[in-house]
Colleague: 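Structure provided below as structure tokens; questions to follow.
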Amino acid sequence: MEKGAFFGIMCVDLHIHTTFSDGTKTPKEVVKIAKKKRLIAISITDHDEIKGNKEAIEVGSKEGIEVIPGVEISTEYEGKSVHILGYCIDYEDSNLEKSLSVLQRARRERNPKIVEKLRSFGFEITYEEIVKEAGGGQIGRPHFAKLLVKKGYVKDIDEAFDLYLRKGGPAYVEKFHFLPEQAIDMIIKSGGIPVLAHPKTIGLKDDELFNMIKQFVSFGLRGIEVYYPEHTEHDVFTYKEIAKTFGLIETGGSDFHGDNKPGVEIGLGNGRLKVPYDVVEKLKNIAKRLK
Ligand code: AMP
Ligand code: FE
Ligand code: FE
Ligand code: ZN
């Protein structure tokens, strides 16, 4: 049996990036890997982009893998980067696409500025090379990191972020973000369930996180990503307590980006991830009730 299949437990992965954003596998490849790992459901959650869902759903129906339409929207809360996941959205919703196109334009405006900053440090890279690296999908900082690695300017993607691309780093360039409440609203209007992504990476203290989530719940947040590769057992406990307090669904996923995030596998994360199928049932039940 392929590593990653858990005897008796049907597992899912609800946080996966594809070539439609900063992942290196196509939706079709993602579905095939998920099948090999014996997952029974996945969600494609590209940054500010929903176009990868169609291919994944089509291939998923052939391969017998349930694909929950998804998205991950970039927002900012008091200077911190906050990602809001949306599940069970209408993945062909033209209104949602229109809203996301604002964020896509913000990326197009920012990306050449990152190239300029990197060039000012003496790195010989061009915008065309970055576009090629992204292969037509939404361009994200991991594409810059990958190119710096390929050209031998840094040893790996982590070093590229640590030295240059991290928020506030020397090659960091701000881009327009929606407010969290706007992203939550966009997801709800598209029939979806808004979920707070990877709470740990936001970088807030527990009490600040609690207060932020309390506010987000008043905006319509319905879930929190409890299971995530970087979450320790203690983190999982903390986030479960928060989920219980506010009646939130406890979701989870690997945040797979293919070669752009080495060491993270679909379904397994960094080896210990295990997200049970009943999360999907809860998401679908709420989505049905909202319709
Ligand atoms: P962007 O949306 O283009 O600003 O890029 C954000 C993406 O960069 C995230 O979704 C991650 O995939 C990646 N990322 C952000 N910070 C780091 C980091 N410190 N190390 C590795 N990848 C990172
Ligand atoms: Fe990413
Ligand atoms: Fe994220
Ligand atoms: Zn992600």
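Counting convention: from 1, in listed order, for ligands and their atoms alike. The figures here come from the full heavy-atom set of this structure, side chains too, leaving out hydrogens, waters and symmetry mates.
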Colleague: Could you tell me if the ring centre of F178 sits under 6.0 Å from that of F176?
Modeller: yes

Colleague: In terms of relative ring orientation, are H15 and H17 parallel, tilted or perpendicular, with 30° and 60° separating the classes?
Modeller: tilted

Colleague: Is there an N/O/S atom in H17 at a distance below 2.8 Å from the Fe ion (ligand 2)?
Modeller: no

Colleague: So Y228 and H231, would you call those rings parallel, tilted or perpendicular, with 30° and 60° as cut-offs?
Modeller: tilted

Colleague: Assess D255: does it contribute an N, O or S atom lying under 2.8 Å from the Fe ion (ligand 2)?
Modeller: no

Colleague: May I ask you to decide whether K175 forms a salt bridge with E109, counting only side-chain N to carboxylate O separations under 4.0 Å?
Modeller: no

Colleague: Distance alone, cut at 3.5 Å: any donor-acceptor contact between the side chains of T238 and D235?
Modeller: no

Colleague: Which of the atoms of ligand 1 are close to H47, meaning less than 4.0 Å from one of its heavy atoms?
Modeller: 10 (O)

Colleague: Would you mind naming the N, O or S atom of D22 nearest to the Fe ion (ligand 2)?
Modeller: OD2

Colleague: Checking the N or O distance criterion of under 3.5 Å, is ligand 1 in contact with R110?
Modeller: yes

Colleague: Applying the side chain to side chain contact (heavy atoms under 4.5 Å, CB included) test to F144, which of I139, I157, V149 qualifies?
Modeller: I139

Colleague: Considering only heavy atoms, does R107 approach ligand 1 within less than 4.0 Å through its side chain, its backbone, both, or neither?
Modeller: side chain

Colleague: What atom name does the N, O or S atom of D255 nearest to the Zn ion (ligand 4) carry?
Modeller: OD1

Colleague: Enumerate the atoms of ligand 1 whose separation from the nearest heavy atom of D22 is less than 4.0 angstrom.
Modeller: 7 (C), 10 (O), 12 (O)

Colleague: For H257, counting its heavy atoms only, list the atoms of ligand 1 lying under 4.0 Å from any of them.
Modeller: 12 (O)

Colleague: For atom 22 (N) of ligand 1, what's the nearest protein heavy atom and its distance?
Modeller: F161 CE1, 3.3 Å

Colleague: Distance to 0.1 Å, residue and atom name: give those for the protein heavy atom nearest to atom 6 (C) of ligand 1.
Modeller: R141 NH2, 3.6 Å

